[in-house]
Amino acid sequence: MADPRLLDDLLVGAVDVLPEGALEAKLDLAERERRPLRVKLGVDPTAPDIHLGHTVVLNKLRQFQDAGHVAVLIIGDYTARIGDPSGRSKTRPRLDGAVIDANAETYKEQAFRVLDDDPERLEIRYNGEWLAPLTMEQLFEITATTTVARILERDDFARRWAAHQPISMLEMLYPFAQGYDSVAVRADIELGGTDQVFNLFMGRDLQTYFGQEPQAVLTMDILPGTDGVERMSKSVGNYIGVDEDPRDMYGKVMSIPDAAILTYFRLLTPHHADELAALQREYDEGAVNPRDLKARLAREIITRLRGAEAAAAAETHFDTVFRRRESAADLQALELRPDDVEEGGGVFLPAVLERWFGQTRSEWRRRIVQGGVSLDGEPVSALAVPVAALAGRHLKAGKSATAQGVVRGL
RNA sequence: GGGGGAGUGCCCGAGUGGCUAAAGGGGGCGGACUGUAAAUCCGUUGGCGCAGCCUACCCAGGUUCGAAUCCUGGCUCCCCCA
């Protein structure tokens with residue numbers, strides 16, 4: 001019998017296990033056969049770096065590793081060439097080989113922040129390994145297992161079909177490719193987002209067709225972005241990158257709406273099911289200040305990805321700069337150059353701000369006029385200020401305050 | 001293969017010869033408020049040392065005193081029929 005507490009923990013953050021009872025059955029199977037389960041997660045290296053949304057399934061995979069099972073991480077170097085249509089309202093751009101390879105490298109690096117890299121517990125495979133050598137004949141065989149009607153049933157295609165949006169033949173092949181991955185690695189369980197259900201089931205069908213025991217399917221909840229509403233995504237701009245400056249990560253976590261706090265705990269931290277239930281209770285009853293809960297969340301997320309030291313430093317920085325609104329001890333130095341000073345001894349701010357922080361001079365002009373740039377807390381009111389008023393002062397631009405530093409005189 | 005429609009600022013989307021740096025919305029940014037939250041309100045949102053100038057409505061030409069708006073050619077996308 002599978003350990004019920006483990007089962008509960010494995011189900012945290014999961015939306016569904018399909019078919020019903022399949023996870024339990026697989027755990028029992030592992031016990032009977034005295035072997036670890038092969039838990040598959042496929043990722044397409046479509047973007048150069050990953051954010052917390054991508055780590056949700058990685059976290060779950062890690063949990064399986066910690067329970068003694070084998071994570072089979074499939075880098076979809078070939079499926080990336082098709083472009084997963086899941087949840088898409090239009091065709092994904094196809095990527096070429098060089099971009100994919102580069103993405104795959106950074107992806108692996110970042111995935112290791114979450115996964116256990118013990119070779120006994122981790123297997124990394126590129127699906128080009130088996131997809132590239134497929135013959136046309138094999139493709140016939142694979143695609144013959146399903147009908148067009150079934151493919152068109154899936155939400156995303158159905159919507160596009162109804163809206164007269166284009167669907168390319170290539171996209172239709174995507175589920176077959178992903179499904180065949182499961183056959184190739186003999187997966188016992190496959191993880192994915194809820195938008196992946198169709199693809200995950202294709203894996204079961206193909207495994208059955210090829211005489212394998214079909215995999216259990218575990219779908220994970222979607223992580224909302226920092227806006228708390230839309231799913232975290234780079235294109236929406238509500239993401240927290242795994243490789244970002246920990247101070248920014250901390251700040252971004254602090255900016256999520258309260259309603260998203262528990263979801264974040266559930267999907268991003270390794271708490272047991274009963275601990276999460278306790279947290280939820282405290283939150284509901286108002287026994288904790290949501291702010292403090294969020295701070296704890298930020299600390300835990302950063303600790304996991306970047307280490308305890310980085311987390312502590314990020315928290316100190318945040319408390320200093322934002323809670324107490326003091327200057328951070330580690331402010332960057334903003335260098336003035338001799339040619340920044342004009343005849344009258346004034347410095348034209350839009351020009352130096354552009355050099356220090358990017359953007360355009362017009363943008364800085366606007367911010368200054370709107371009182372968005374300050375020196376030692378005092379809003380700057382003129383476009384040009386004397387060097388004496390700048391040197392040694394703490395310059396801050398905007399409330400996000402990612403743009404700030406101490407001006408170093410000449 | 002035949003017929004039709006569309007390409008506007010970060011995005012959506014108005015605009016059919018001058019009043020258009022281009023309505024409206026979204027998003028972003030700045031301010032107030034705060035828990036760097038949410039909600040709300042106000043302002044702002046092409047570039048430029050900016051009461052002015054420059055560049056802009058897919059691209060290249062053309063008509064006109066004047067074009068996002070008209071004409072020609074091209075590119076891209078979509079729909080319908082076959």
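Convention: sequence-line order gives letters A, B, ...; per-chain numbering from 1.
The closest donor-acceptor contact from the side chain of A/R306 to the backbone of A/E244 lies under 3.5 Å. When atom types are taken as modelled, the side chain of A/D188 and the backbone of A/R38 share a donor-acceptor pair closer than 3.5 angstrom. Judged purely by atom type and a 3.5 angstrom limit, A/K26 has no side-chain atom pairing as donor or acceptor with the backbone of A/L37.
Comparing the C1' positions of B/rG9 and B/rG28 gives an interatomic distance of 13 Å, to the nearest angstrom. With P as the reference atom, B/rU20 and B/rC65 are 23 Å apart, rounded to whole Å. Between B/rG4 and B/rG52, the distance separating the two C1' atoms is 48 Å to the nearest Å. Taking atom C1' in both B/rU16 and B/rC10, the straight-line distance is 26 Å, to the nearest Å. Nucleotides B/rA60 and B/rU55, compared at atom P, are 14 Å apart to the nearest Å. Nucleotides B/rC77 and B/rU8 are separated by 16 Å at their C1' atoms, to the nearest Å. Taking atom P on both nucleotides, B/rG1 is separated from B/rC71 by 27 Å, rounded to a whole Å. For B/rG46 and B/rA22, the P atoms lie 9 Å apart once the distance is rounded to whole Å.
In this structure, the side chains of A/L10 and A/Q63 come closer than 4.5 Å at one or more pairs of heavy atoms. A/D44 has its side chain within reach of A/Y174: a pair of non-hydrogen atoms, C-beta onward, lies under 4.5 Å apart.
At B/rC48, none of the side-chain N or O atoms of A/R366 fall inside 4.0 Å of OP1 or OP2 (strictly under the cut-off).
Summarising the geometry, the separation between CD on A/Q359 and C1' on B/rC10 is reported as 13 Å, rounded to the nearest angstrom. In this structure, CD1 of A/I368 is placed 12 Å from P of B/rC48, rounded to the nearest angstrom. To the nearest angstrom, C1' of B/rU45 lies 11 Å from CZ of A/R367. Across the protein-nucleic acid pair, A/Y283 atom OH and B/rA38 atom P stand 14 Å apart, rounded to whole Å. Atom P of nucleotide B/rA38 and atom CE of A/M254 are separated by 12 Å, given to the nearest angstrom. If you take CD1 of A/I261 and C1' of B/rG35, they are 10 Å apart, rounded to a whole angstrom.
Of the charged side-chain nitrogens involved, at least one lies within less than 4.0 Å of a carboxylate oxygen, so that A/R62 and A/D66 count as a salt-bridged pair. Ion pairing of A/E300 with A/R304 is absent here, as no side-chain N (NZ or NE/NH1/NH2) approaches a carboxylate O to less than 4.0 Å.
Base pairing annotation: B/rU20 forms no Watson-Crick or G-U wobble pair, as no partner gives both donor-acceptor distances under 3.5 Å. In this structure B/rU69 sits in no base pair that meets the Watson-Crick or G-U test at under 3.5 Å. Pair assignment for B/rA6 gives B/rU76, based on Watson-Crick or G-U wobble hydrogen-bonding distances that are each under 3.5 Å. Pairing for B/rC50 is absent, judged as Watson-Crick or G-U wobble with the two contacts each under 3.5 Å. Under the Watson-Crick or G-U wobble criterion, with both distances below 3.5 Å, B/rA14 is left unpaired in every strand shown. Pair assignment for B/rA56 gives none, since no Watson-Crick or G-U wobble pairing has each distance under 3.5 Å. Nucleotide B/rG27 has B/rU45 as its partner under the Watson-Crick or G-U criteria, with both atom distances under 3.5 Å.
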Please list, for nucleotides 49-53 of chain B, all pairs of protein and nucleotide N/O atoms separated by less than 3.5 Å.
residue	atom	partner	partner atom	Å
B/rG49	OP1	A/R361	NH1	2.7
B/rG49	O6	A/E342	OE1	2.6
B/rG49	N1	A/E342	OE1	2.3
B/rG49	N1	A/E342	OE2	3.0
B/rG49	N2	A/E342	OE2	2.7
B/rC50	N3	A/R365	NE	2.8
B/rC50	N4	A/S362	OG	2.9
B/rC50	N4	A/R365	NE	3.4

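When each of B/rG30, B/rC48, B/rG35 is scored by its nearest atom to the side-chain atoms of A/K294, the top-ranked nucleotide is B/rG35. Among B/rG43, B/rU45, B/rG35, the nucleotide with an atom closest to any side-chain atom of A/R291 is B/rG35. In this structure, of B/rC29, B/rC48, B/rU45, it is B/rC29 that holds the atom nearest to the side chain of A/E363.
Both A/V373 and A/Y250 lie near RNA chain B, and the one whose nearest nucleotide falls closer to the 5' end is A/V373.
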Go through the steps for A/D245 and A/R247 under the test salt bridge (charged side-chain N to carboxylate O under 4.0 Å, His left out), then give the verdict. CA-CA 5 Å; A/D245 184 322; A/R247 290 176 299 187; 3.1 Å; yes
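Judged by atom type and distance alone, A/N289 does not reach the base of B/rG35 through any side-chain donor-acceptor pair under 3.5 Å. Below the 3.5 angstrom threshold, one finds a donor paired with an acceptor across the side chain of A/Q370 and the base of B/rG43.
Across all strands, A/G371 comes closer than 4.0 Å only to sugar-phosphate atoms, never to a base (heavy-atom distances). Using a 4.0 Å heavy-atom distance criterion, A/I256 is classed as a sugar-phosphate-only contact.
Note: A/Y78 and A/Y126 fail the aromatic proximity criterion, with ring centroids not under 6.0 Å apart.
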